[in-house]
Amino acid sequence: MLRTVCRAGGALLKHSRRSIPSQWTAPAQQRWASSLPMNTVVLFVTQQEAWVVERMGRFHRILEPGLNFLIPILDRIRYVQSLKEIVIDVPEQSAVSLDNVTLQIDGVLYLRILDPFKASYGVEDPEYAVTQLAQTTMRSELGKLTLDKVFRERESLNANIVHSINQASDEWGIRCLRYEIKDIHVPPRVKESMQMQVEAERRKRATVLESEGTREAAINVAEGRKQAQILASEGQKAEQINKAAGEANAVLAKAEAKAKAIRLLSEALAEQNGNAAASLSVAEQYVSAFSNLAKESNTILLPSNTGDISGMVTQAMTIYSTLAKQTPALQTVESVPVEGVARLLTHSCPTLAERGRAEHGKVSSFLKGVHSNQELPRMKRFPVLALLLWLCAVFYVGIFLFVGGFLLVRLEVNKSSSCGDVLTPGGEEADFCRGEPRFRRAVVLIIDALKIDFARFDALNAAPRPYENKLPVLEEVTSSRPSHSRLFPFRADPPTTTMQRIKGFTTGSLPTFVDVGNNFASSAILEDNLVHQLGQAGKRVVFMGDDTWESLFPKKFHRSLPFPSFNVKDLHTVDNGILQHLYPTMEGSDWDVIIAHFLGVDHCGHRFGPDHPAMADKLTQMDGVIRSVIGRLENDTLLVVMGDHGMTDTGDHGGESLKETDAALFLYSPAPIFPPSRSEAEPEVVPQTDLVPTLALLLGIPIPYSNIGQVLLPIFPQDTESTDGHSHLSQAEALWINAKQVNRFLETYSHMAKDIPPESLSVLRAGFSHLSSEYTSAIQGGRPPFPELVAALQSYLSAVRDTCRATWARFHPLKMAAGIAVLATACVLCYVVSELSAVVGDGGLLRAPLVAGTVVSVCVAMAQLAAWGYADVPSCLGVGTLSSQLLFLWRVRRGRSKGKASAWAWWRALPHLSVPLLVLFLRCASLMSDSYVVAEGRVATFLLCSLGVYVPLRLNWDGLLLPISPDPQKPAGLLPSPTQSPSAVRRESLTLLACLGALVGSLYLSLSFHGCREEQGACDPSPFLTPLARVQDSRLRNLHYALSVASLAAWTYALRRWMRHYGNLNCPGPAVFAARWLLPLASVCVGLYWAVGSTPEESFRSLAELIRLAAATLPRAAFTLLGLGAALLWLDPLTVFLKPRQQAHQRGPALPPRYRASTGISPQAELHHLIPQLYQRMRRSLEDGEPEGAAEGDGRPAVEAYGLGTVYSAPLVLQCGLLGLGLLMLHPEGVALSFLLLLLEAAAVLHLHSSSTSLAVLQGAHTGGFSVPWAPVLLWALAATQFFHATGHLPTFPSIQWGAAFVGFPQGHTGTLLPATLVTLNTFSAHILFAVGCPLLLFWPLVCEARGGRRGRAGGDSDEGEDAVMEMRLREKPQQFSSALLQLAARYLFVHGAQVLASVCAAAILRRHLMVWKVFAPKLMFEASGFVVTSAFLLLGLTLVMRVDVAVGGWFKRLIPDESR
């Protein structure tokens, strides 16, 4: 029975569950409560449950726990709610924090039902509702916090989520008790960054603790040393007092004894036979002196009459009597010791006279001959500069000729279309402008750099980037009103600079490559254009925005409101000015066409890049502008919203990548103008030239004469009747008018220029003739043109455009060949001058070639005037230059002057090219390949590193890198004595290898600062090239700023430390003042300017005015300080401190002879061991008045000149430091570290050169002279190229850092000269620094003599005085000095000239190459410009050296009066 009841109950329960709706028994309900029980009249409700009962479908009551009774059939248990605390897992979801970090977060929700009635009838699915509410609330709360705060404020985040859920769930009878976040998953890269941050914080704490311990230890040590020094000084004080008192008593006693001895001696001499006694005493001292020979020195000098004691005594007494009568006075600080010793040697013993005269000749030739212009020839300053100027001018002429033939502006057709042109379909004469236009008005909004990515809208993009989905108005209008609007990709023709783009979409033509140079100074457009046609038709054109339009179309507008456009840091001036006048103008009636050119988006890209919040703000502003303009349009008005070009990921443009050429084009009208739906005939991309004929026909004006674009067909109806009842041009008619206009231009252009291939021209003519006949027959037959004819017209227009694009740039082969010939001959000239610098340095060789070249140029010009009526300046320059070059080579070959007979021997060395010249050949050959040009930065780095490794390998091959080991089989007496000890050779070799390691290390690190070209694919530019204002992460910005300031401080400290090391900071002159004060002050200004420039605008809004003032004042102050320092340097470049020797009574104890590398005057130690004791004491008594018993002379020079050994190199180093600091300020802040690597790289090259020279000297392989080999010159030139890339520059126009033009001028410029100069200095900073510092290659081996490479040479033949004077050796031989400077400059010009020649040849040979305008032509322009800048600053550096030489000559004239010479 029981079993039967149970089965029946189970069947009823199963049936009841089937009858309940599915949503009531959802899985959520199964979790919240037990299964719904059936009505068994007597029910037992479980504790913590609430059963909701409905009676006849309506809520009746809630059953309490315990016993309850229900009426069968009428009552029904509808819901069972659990009153326990319920735990719900919130699924994992993605959320975006305030700083745009995507997080994956899941959680746990704890809640309880408080009101079963509301939980049952207030919401359908409580669990789902609460879960969704928790997820949305979590996203909302996370969007208010940054990533760091999400971790720190988890509790407050949980509380906010609970509070938000409870506010919404009160109506559901549910109370959320708490919410806990289980896991937070961040992206892997962010997780790595966080781990790095934690590790950095740990290291920071450890470093701080370690530094505090080090500080405490240092303080303790310092305190101990202080106490020790105090006690030691007190002991020394007492010792000195006692010693001084004893010495004073001893001196008094000696003086009294000597005075008594002199009285007794004088009395004895006055007596009879006194002279005989004196002679006996002298003879005894003579014999005593012989007994001491060879005890203190191995140098023994004996007179020829050694045994004649009587003669020796007589001679000594005679000398004594003669010198006592003369007692010469000291006329100059150095003449008396030298002349006195020379006379003493001459008058003493004849056996010493010859050696004395020899030593006197060495010292005197330095002290007097070097400083007297009467005894030594002067340095050839003017001939050297004149010859180098002529060589540079020859290169300039060659570059001018080739560029004139390679980058010609295309032939412009200066004709205009008119309303009377027969272009109508039927061919009848009519006024084209009298017809009813499709649109009476037009508003053209040009948003500069509006790339197509900015205009697209993706509704599924949940996390858009700052430039995405910010123009929703375009998507809204095109989707809601498709027959009124269209959005097209708008492709521009390169170059994508603003001026060329304006010219392109107003004339319909294609700008040429050379027009890029006109972007600084835009000239008026002479070709027919839309603005001109609108004015001819009587349309009132109102312009507002970019002031470039004002210079391109002067006096063409009915009303013009231009605003300054060149300041890329100004995001709002132009846009706000337009908005101030745009809406009032549209609401008025005094206009037909409005052109508004906005610049904020473009400037925001240049300043911050597209992926920046400022770009989002600017695009949002443009969205509002478009909405407002659309709301003010009338039915007869056309709206055109377009971008003139795009931008790269860094915000730049100017090249031909798709990111730079693809802009957006949006067309809209309140009246329908498009088909309701897109057709397959609509173009995927609209060329920018197609806008010109389209707007012209829509506005009822003639198409500009030089247009080669085709009309945009979808905007024209297929038939002539429109919905408004007016007759408009159909697609076929618009295409026919367009084709006839293009054919007319093609015929006119082909008659004026012959550059279009005849076969292509004949095909185009035949095609148009066939189309014309078919179209005419169709019109005369009264039938509409076939679709095939419309397609054929489109094909014809595309073929004409492609043909013009392929043959637009017209080369001039004759000019190109002449330029190559002049450049090649100039390279030969540089090589000849470098190899024969001692011969051609005379200015006499240059006069005849200059005169001959001038005469030939004038004769050619006169012949052209007589024959053609005008003179062609390029041809006259080319012929005159070539004749001048050939005559110079012929004169060198002839060798007319003395010493020039063997001048042509250098030809024999040409076949044996050295490894450096082979590396130069490889460098030039790499310029012929577009792949190597694209990777030029790494190619130059590899060649520089390889050539640096070659230097020690070559030294080792020649046996100079290691000391020579003696052969034990040979007798020791037969071996040549080495010029230096093996330890010195090893030390110099280690120095060379260390410098090579520093060079390789700096090259490796400099690769981190390279930029990226478009052709390099997935290349990421260096983060150091990004200005600090663009860095959004504050920690990263602070780190970059700290590195930049540290590099700036290291740059300044290194320069001052070097000058202090060589004694060039002791002089009170102007140059030292610049180094001591102006250079550090300028560095401080630069650091403060970086701090101001990196400050976000929104951080200190209250100080915005002060920040703007500082941004203009600080760089100008730095420029002023640096300019003042350079002026002081040129005013007086000497950094020599003169210290005369102290008098005898002021000197302390005698010191040993000293040699100071920075001392310019030779010491007298050469004579120290050559004079016997008797004559040494006699000389000192006559020179200084010393007592006979005084100590030995100290052997010091009569004058100590600190810094004279680096008198030439110190001004050059200071000049490079000042220039480098100014150029650094024109770069982004992060490049400061690259400039520091430049300093290390240049020092490594210089020391590599000096060490190799020192090793050659130490091993006795140095040939003498001051010649600089090819290897260091090529290293120096390659370093300039490598550093050009290490500062983020590339031989492409988009890589130009235009922001340099606004350093110190944030409000812009009134002219174009100053900004162009600043950009040029920024671009070619590497060429400038290495060109100015090129003479250091000549001076550095002499500067490094102070390391001991030359001072310690053994042997009696070494000239120690000569070796100690360092750069003063150059003044001893001014002719060799001039020749060495000329040779160095000619070799440096040859290296750069060869690269220009290679670029020229590459551009000429590959002028039809696919990449010629993208790779080879920009490389040619940059290489030629770099040569011009390099040569100019090379001459500046040489002029500074000659200015120093003049100052040194004047310094010696003041030091040595005329009467002493």
Side-chain angles (χ1 to χ4, degrees), residues 96-101 146 447-451 453-456 461 463-473 498 545-546 563-579 597-626 643 645-653 659 663-664 1021 1023 1025-1038 1040-1041 1090-1105 1107-1108 1111 1228-1230 1297-1299 1301-1303 1306-1308:
V96 180
S97 64
L98 183 62
D99 49 358
N100 294 328
V101 178
T146 61
I447 302 177
D448 207 295
L450 180 66
K451 63 187 301 185
D453 294 341
F454 296 171
R456 292 193 174 105
N461 189 355
R465 304 176 73 174
Y467 61 84
E468 294 177 340
N469 292 357
K470 296 304 182 295
L471 292 173
V473 61
T498 298
D546 186 353
F563 299 95
S565 62
F566 196 66
N567 186 3
V568 295
K569 292 189 177 181
D570 185 0
L571 308 184
H572 309 294
T573 299
V574 177
D575 294 0
N576 293 341
I578 293 174
L579 296 179
H597 193 155
F598 294 88
L599 290 177
V601 174
D602 178 65
H603 288 185
C604 183
H606 284 298
R607 184 174 181 184
F608 301 110
D611 200 6
H612 193 275
M615 181 63 74
D617 297 339
K618 185 53 65 176
L619 290 175
T620 303
Q621 182 187 25
M622 292 298 103
D623 182 79
V625 171
I626 297 173
H645 53 75
M647 66 171 62
T648 63
D649 293 336
T650 59
D652 301 317
H653 59 87
K659 292 182 179 180
L1025 302 178
T1026 305
L1028 293 182
R1030 292 190 184 184
V1031 180
Q1032 302 183 36
D1033 189 352
S1034 60
R1035 293 179 179 271
L1036 185 60
R1037 182 168 60 245
N1038 294 335
H1040 281 194
Y1041 178 75
W1090 288 345
V1092 171
S1094 62
T1095 303
E1097 295 182 353
E1098 63 275 6
S1099 299
F1100 302 95
R1101 295 189 181 275
S1102 59
L1103 303 177
E1105 190 65 29
I1107 291 176
R1108 283 194 293 269
E1229 300 86 347
Q1297 300 174 2
W1298 300 105
F1302 304 100
V1303 176
Q1307 303 303 322

Heavy-atom pair of closest approach, residues [X] and [Y]:
| X | Y | value |
| --- | --- | --- |
| Asn576 | Gln621 | OD1-NE2, 3.7 Å |
| Phe608 | Ala614 | CD1-CB, 3.8 Å |
| Gly646 | Ala449 | O-CB, 4.1 Å |
| Pro610 | Gly651 | CD-N, 3.7 Å |
| Asp611 | Pro466 | OD1-CD, 2.7 Å |

[atom1]/[X] to [atom2]/[Y] distance, rounded to the nearest 0.5 angstrom?
| X | Y | atom1 | atom2 | answer |
| --- | --- | --- | --- | --- |
| Glu1229 | Leu1028 | CD | CG | 4.0 Å |
| Leu579 | His572 | CG | NE2 | 11.5 Å |
| Phe598 | His603 | CZ | NE2 | 13.5 Å |
| Leu619 | Ile447 | CG | CD1 | 8.0 Å |
| Arg607 | Met615 | CZ | CE | 12.5 Å |
| Lys470 | Phe454 | NZ | CZ | 10.5 Å |

Kindly indicate whether the side chain of [X], heavy atoms from C-beta on, has any atom under 4.5 Å from the side chain of [Y].
| X | Y | answer |
| --- | --- | --- |
| Pro472 | Asp623 | yes |
| Ser1094 | Arg1037 | yes |
| Leu471 | Leu450 | yes |

Are Lys659 and Asp649 ion-paired here, with the side-chain N under 4.0 Å from a carboxylate O? yes
Lys/Arg-Asp/Glu bridge criterion (N-O < 4.0 Å) met for Lys618, Asp575: yes
Residues that Leu1025 engages under side-chain contact (heavy atoms from CB on, under 4.5 Å), provided they are two or more places apart: Ser1022, Val1231
side-chain contact (heavy atoms from CB on, under 4.5 Å) partners of Asn461, counting only residues at least two apart: Asp458, Pro464, Glu468, Asn469
Quick one about Asp448 and His645 (side-chain donor to acceptor, distance below 3.5 Å, no hydrogens or angles considered), yes or no? yes
